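All figures in this text were calculated on a predicted structure; none of them were measured in a lab.
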Amino acid sequence: MQYRCPKCQSPKIMPVSQSGNVSARPVVPKSLVFLIPAVLILLLLVSISIAMWLFGNGAGSILQISTVVVFILCVIAGFMFYRDLPDFKISMQSFMQSQKKWKCRECHHEWEI
């Protein structure tokens with residue numbers, strides 16, 4: 001299946017909800033639920049550390065330790081997501097193939113497969 005709009009060839013398409021049909025949803029792994037907030041927290045801690053190094057006397061030991069701990073959590077969550085990736089890919093492909101009605105986000109063209 002080609003995941004592009006047949007009218008404008010844009011890859012920005014989305015499935016249209018079908019009334020009365022219960023479609024299979026992709027299974028989101030729990031490791032992804034932990035990975036995304038952990039990466040955001042790590043980004044926040046690193047930016048705070050850089051700001052403290054630039055505008056202060058350096059990052060404190062508590063901030064450095066918490067940054068290392070969150071980095072280790074990110075590595076663990078990333079490895080767990082890597083292990084869950086094949087199942088996530090299969091569930092996402094089955095979800096995409098089960099959809100019959102599509103809509104382009106750019107030209108608002110709707111079509112059915």
Side-chain angles (χ1 to χ4, degrees):
M1 179 180 168
Q2 182 183 9
Y3 297 113
R4 291 186 175 271
C5 174
K7 187 177 179 184
C8 67
Q9 294 299 316
S10 171
K12 296 180 180 179
I13 62 171
M14 62 182 180
V16 177
S17 63
Q18 303 167 16
S19 61
N21 260 351
V22 177
S23 62
R25 296 280 180 207
V27 178
V28 178
K30 289 182 178 58
S31 57
L32 185 63
V33 174
F34 290 119
L35 181 63
I36 292 174
V39 168
L40 293 176
I41 292 171
L42 180 64
L43 181 66
L44 177 71
L45 289 174
V46 168
S47 63
I48 291 172
S49 296
I50 290 172
M52 288 182 76
W53 279 103
L54 291 176
F55 302 115
N57 295 334
S61 62
I62 294 175
L63 183 62
Q64 289 176 349
I65 291 170
S66 62
T67 304
V68 170
V69 168
V70 171
F71 176 75
I72 291 170
L73 288 175
C74 284
V75 169
I76 292 170
F79 179 71
M80 288 171 49
F81 179 68
Y82 179 74
R83 284 186 31 211
D84 293 338
L85 192 59
D87 295 334
F88 179 60
K89 183 179 176 184
I90 290 170
S91 71
M92 185 60 78
Q93 285 175 344
S94 65
F95 167 71
M96 295 292 279
Q97 290 172 353
S98 71
Q99 299 302 311
K100 300 298 179 200
K101 292 185 178 183
W102 294 89
K103 181 178 181 179
C104 180
R105 286 189 280 169
E106 286 187 359
C107 68
H108 303 291
H109 174 67
E110 290 192 24
W111 70 97
E112 191 169 332
I113 299 175

Distance (rounded to the nearest 0.5 Å) between [X] [atom1] and [Y] [atom2]:
X: L85; Y: L32; atom1: CG; atom2: CG; value: 9.5 Å
X: Q9; Y: C104; atom1: CD; atom2: SG; value: 10.0 Å
X: C8; Y: E106; atom1: SG; atom2: CD; value: 5.5 Å
X: M14; Y: E110; atom1: CE; atom2: CD; value: 8.0 Å
X: I48; Y: W53; atom1: CD1; atom2: CH2; value: 15.0 Å
X: S94; Y: M92; atom1: OG; atom2: CE; value: 9.0 Å

Quick check: is [Y] connected to [X] through a chain of hydrophobic side chains (ILVMFWY, heavy atoms under 4.5 Å apart)?
X: M52; Y: V69; value: no
X: V33; Y: I76; value: no
X: L73; Y: F79; value: no
X: L35; Y: L43; value: no
X: L44; Y: V39; value: no

At their closest point, which heavy atom of [X] faces which heavy atom of [Y], and how far apart are they?
X: I13; Y: C5; result: CG2-N, 3.8 Å
X: R105; Y: H108; result: O-CE1, 3.9 Å
X: L42; Y: T67; result: CD1-O, 3.8 Å
X: S49; Y: L63; result: OG-CD2, 3.4 Å

Is it the case that atom [atom1] in [X] sees more than 12 heavy atoms from other parts of the structure closer than 6.0 Å?
X: L54; atom1: CG; answer: yes
X: F34; atom1: CZ; answer: no
X: F81; atom1: CZ; answer: yes

* Asked: Y82: which other cluster members, linking ILVMFWY side chains closer than 4.5 Å, directly or transitively?
  ->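 ILVMFWY cluster around Y82 holds nothing else.
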